[in-house]
Amino acid sequence: MRRLHFHPCGNYRESYEEELAIFETDFGRLWVLIGLVLLFGVIPWVSSQYMLYVLNTIGIYAISAVGLNILIGYTGQISLGHGAFFGVGAYAGAILAQRVGLPFILVVPAAGLVTAAVGIVFGLPSARLKHLYLLIATLAGQFIIEYVLLEWESLTGGPNGIIVGGATLFGIDLGNDRAFYFVIFILFAFLTWTGVNLIRTRYGRAFIAIRDNDRAAEGMGIPVFPYKLLSFGISSFYAGVAGSLYAYYMMSITPEPFNLWLSIEFIAMIIIGGLGNVPGSVFGTVFIVALNEVLSHVTEYLMNVGATGMAITMAPLREFVFGLAIVLFIIFEPKGIAEVWRIIRSSFRLWPFSY
Amino acid sequence: MEFFLQLLINGVSLGFLYALSALGFVMIFKSSSVLNLAHGELLAIGAFLFLLLSAWAGLPIVVAFVLTLVGTFSLGFVVERLFLRPLIGENLIEVIMMTLGLGIMFKGLLLFIFGGDIHSYPRFLPESLTLQLGNVQIPSVNVAAFIVGILFLIVFGFFFKYSNQGIYMRSVADNQPAALSLGVHVRRVFALSWAIAFLVAAMSGIVLGIINGINVHELSAIGLKVFPVVILGGLDSIGGAILGGVIIGLLETFTGGYISTSLREVVPYIALVIILMVKPYGLFGLVEIERV
């Protein structure tokens with residue numbers, strides 16, 4: 001048996017492989033293993049129907065948020081159109097499943113690829129534009145995609161949307177929440193793993209170089225534009241996969257949910273979770289979805305106790321709390337929940353001799 | 001021909017609305033190079049404050065107007081101090097996200113206080129402002145909007161060109177570290193530029209409110225329409241904002257009139273993408289050559 005790795009009491013790294021290692025210690029490996037066992041062995045069996053719904057939503061959004069974090073957090077290309085790409089994925093999935101009749105196992109990656117292609121098209125302005133100009137271009141992309149989804153009636157069904165039949169995988173019906181939970185979280189685990197590892201490859205390092213200084217990156221021999229497009233493609237692929245899962249899970253889709261607000265929610269997720277941090281995007285998603293659920297429960301509770309008028313006036317407070325969360329995180333913890341989590345962990349580790 | 005003329009006039013007056021709402025946005029960008037995603041909400045804040053003071057508190061129009069300007073001006077200081085001051089020197093994305101968060105916050109707050117209904121001001125503009133051009137009548141509000149727009153152009157044109165504060169602002173927007181090292185009080189410039197932006201947005205918000213009625217959703221949607229306008233005109237050009245507004249307004253009404261009404265809402269954004277690809281700094285924007 002090889003020697004276990006523990007935290008060294010200094011920086012004793014001697015090679016780049018050690019620097020890049022995902023798991024600094026074997027405890028990290030153990031925790032991830034425990035997490036996976038909990039995720040697949042315990043949680044789906046003890047959760048209520050409602051809890052499963054919330055978890056599935058978190059899983060779907062988290063896949064998309066990881067993709068957005070690769071684009072914004074690692075490549076530094078701000079996009080306000082991620083919600084629309086998510087919608088493109090949902091529609092691609094629905095159309096491929098209903099009109100073309102592909103099986104579930106092919107629809108999901110195919111929807112991802114279609115969305116990646118659309119994402120690359122809308123990433124083209126990044127050839128000439130940086131920062132806020134790119135942000136405005138993606139904002140325009142959001143509105144254009146929304147318009148196409150609504151108006152191309154022969155393909156998307158217009159405002160009526162598309163009804164998506166139940167998914168089956170290897171003869172197993174995925175119609176219920178628990179079965180779909182496994183599909184979502186297996187994909188989620190796989191794509192998060194891919195995302196974490198992507199950052200360690202030459203592509204990921206090129207993305208980071210472009211984010212930190214694009215001219216220097218160009219000088220070091222990185223073809224900046226193709227890599228930017230690649231980043232757009234990868235992030236849209238994640239959005240597309242998540243979108244097609246959303247379409248299957250919701251059973252019917254309309255253009256309505258894929259508006260600017262969804263894009264803002266995605267950005268909020270990765271800012272609150274932590275930019276340039278893959279686990280952070282998951283934390284952020286959990287935070288935002290939980291916040292949404294809690295706020296809608298408060299509204300519902302007020303409705304039930306007879307304070308309907310109060311509930312209606314309370315509804316805008318949802319937006320207020322949302323905005324406040326973004327603002328507070330940017331001021332007090334710009335690195336997001338991931339950083340808070342790191343501080344908590346290290347204070348446990350250093351206890352009782354923390355400084 | 002009748003139809004064409006009608007569209008032309010509608011387009012120009014719509015364009016002036018856009019131009020007017022773009023002014024505050026350009027102010028912020030010109031003085032601190034911050035892209036303000038909360039602009040629509042700033043318009044709404046001004047409009048509602050004026051509504052509160054003039055219609056509900058029953059103050060005379062002039063007093064209410066002055067109080068609104070003072071109120072939004074000081075609100076600008078407060079917001080800058082609380083939320084934007086901590087971000088001086090931070091990454092651009094954080095500042096932009098901050099304005100986004102602020103926008104959502106303000107919107108929620110305004111909806112909470114005033115609800116989502118359309119309100120309107122009492123009529124107070126003199127009828128004598130109404131213009132009669134041949135057989136076409138231009139309502140007094142649009143004339144007022146036109147006058148306010150031109151006034152802005154002149155006042156702030158001189159402000160940025162000749163006053164010390166205006167020059168400081170431009171220097172901060174151009175290069176923050178250099179301005180700091182030359183002794184420009186960057187924090188004061190930031191505070192002042194946000195206060196002015198709040199004030200300008202309030203004035204535009206009031207005019208918009210007179211013409212369209214005051215509604216939180218509508219005003220914050222106009223905040224997004226500002227982007228095609230300012231990109232076309234050049235992000236830091238006040239004159240460009242006015243011309244860009246008119247062009248976008250015309251584009252919208254003509255598309256709506258001749259092609260399809262549903263395309264009308266999107267055509268500014270399609271134009272936006274094309275402009276960005278062809279001429280990212282717009283018609284009158286400052287061209288910073290930076291090739292990547």
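Below, read A as the first sequence line, B as the second, and so on, with proteins coming before strands; counting in each chain starts at 1.
- Interface remark: Ile144(A) contributes backbone and side-chain atoms alike to the contact with chain B (heavy atom separation under 4.5 Å).
- Of the two parts of Leu87(B), only the side chain, counted from C-beta on, holds a non-hydrogen atom closer than 4.5 Å to a non-hydrogen atom of chain A.
- Note that CG of Leu324(A) and CG of Leu102(B) are 9.5 Å apart. Values are rounded to the nearest 0.5 Å.
- Interface residue Ile78(A): only side-chain heavy atoms are found under 4.5 Å from chain B.
- Between Ile330(A) atom CD1 and Met97(B) atom CE the span is 7.5 Å, to the nearest 0.5 Å.
- Interface remark: Leu260(A) contributes side-chain atoms only to the contact with chain B (heavy atom separation under 4.5 Å).
- The CG atom of Leu135(A) sits 7.0 Å away from the CZ atom of Phe227(B) when rounded to the nearest 0.5 Å.
- The part of Ile231(B) that comes within reach of chain A is its side chain, from C-beta onward, which places non-hydrogen atoms under 4.5 angstrom from that chain.
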The test is side chain to side chain contact (heavy atoms under 4.5 Å, CB included); show your working for Ile270(B) and Tyr147(A) and say whether it passes.
CA-CA 11 Å; Ile270(B) 297 173; Tyr147(A) 172 76; 5.8 Å; no

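- Proximity to chain B is limited to the side chain of Ile72(A), based on heavy atoms less than 4.5 angstrom apart.
- To the nearest 0.5 Å, atom CD of residue Glu319(A) and atom CZ of residue Phe106(B) are 13.5 Å apart.
- There is no contact between Ile210(A) and chain B, counting heavy-atom distances below 4.5 Å.
- Contacts between Leu328(A) and chain B at a heavy-atom distance below 4.5 Å are absent for every atom of the residue.
- By the 6.0 Å contact criterion, OH on Tyr203(A) is open, its count of non-hydrogen atoms from other residues, nucleotides or ligands being 12 or less.
- In this structure, CG on Leu84(B) lies 8.0 Å from CD1 on Ile331(A), to the nearest 0.5 angstrom.
- In this structure, Arg85(B) places its CZ atom where more than 12 heavy-atom neighbours from other residues, nucleotides or ligands lie under 6.0 Å away.
- Residue contact with chain A, scored on non-hydrogen atoms closer than 4.5 Å, is absent for Ile274(B).
- Chosen from Val216(B), Val95(B), Leu263(B), Leu110(B), the residue pairing most often with chain A at heavy-atom distances under 4.5 Å is Leu263(B).
- Across all non-hydrogen atoms, the minimal contact from Ala140(A) to Val273(B) is CB-CG2, 3.5 Å.
- With values rounded to the nearest 0.5 angstrom, Ile104(B) atom CD1 is found 4.5 Å from Trp261(A) atom CH2.
- Proximity to chain A (any heavy atom under 4.5 Å) is restricted, for Leu100(B), to the side chain, taken from C-beta onward.
- The shortest distance between side-chain heavy atoms of Phe143(A) and Leu224(B) falls below 4.5 Å.
- When heavy atoms are compared at a cutoff of 4.5 Å, Ile136(A) approaches chain B by way of both its backbone and its side chain.
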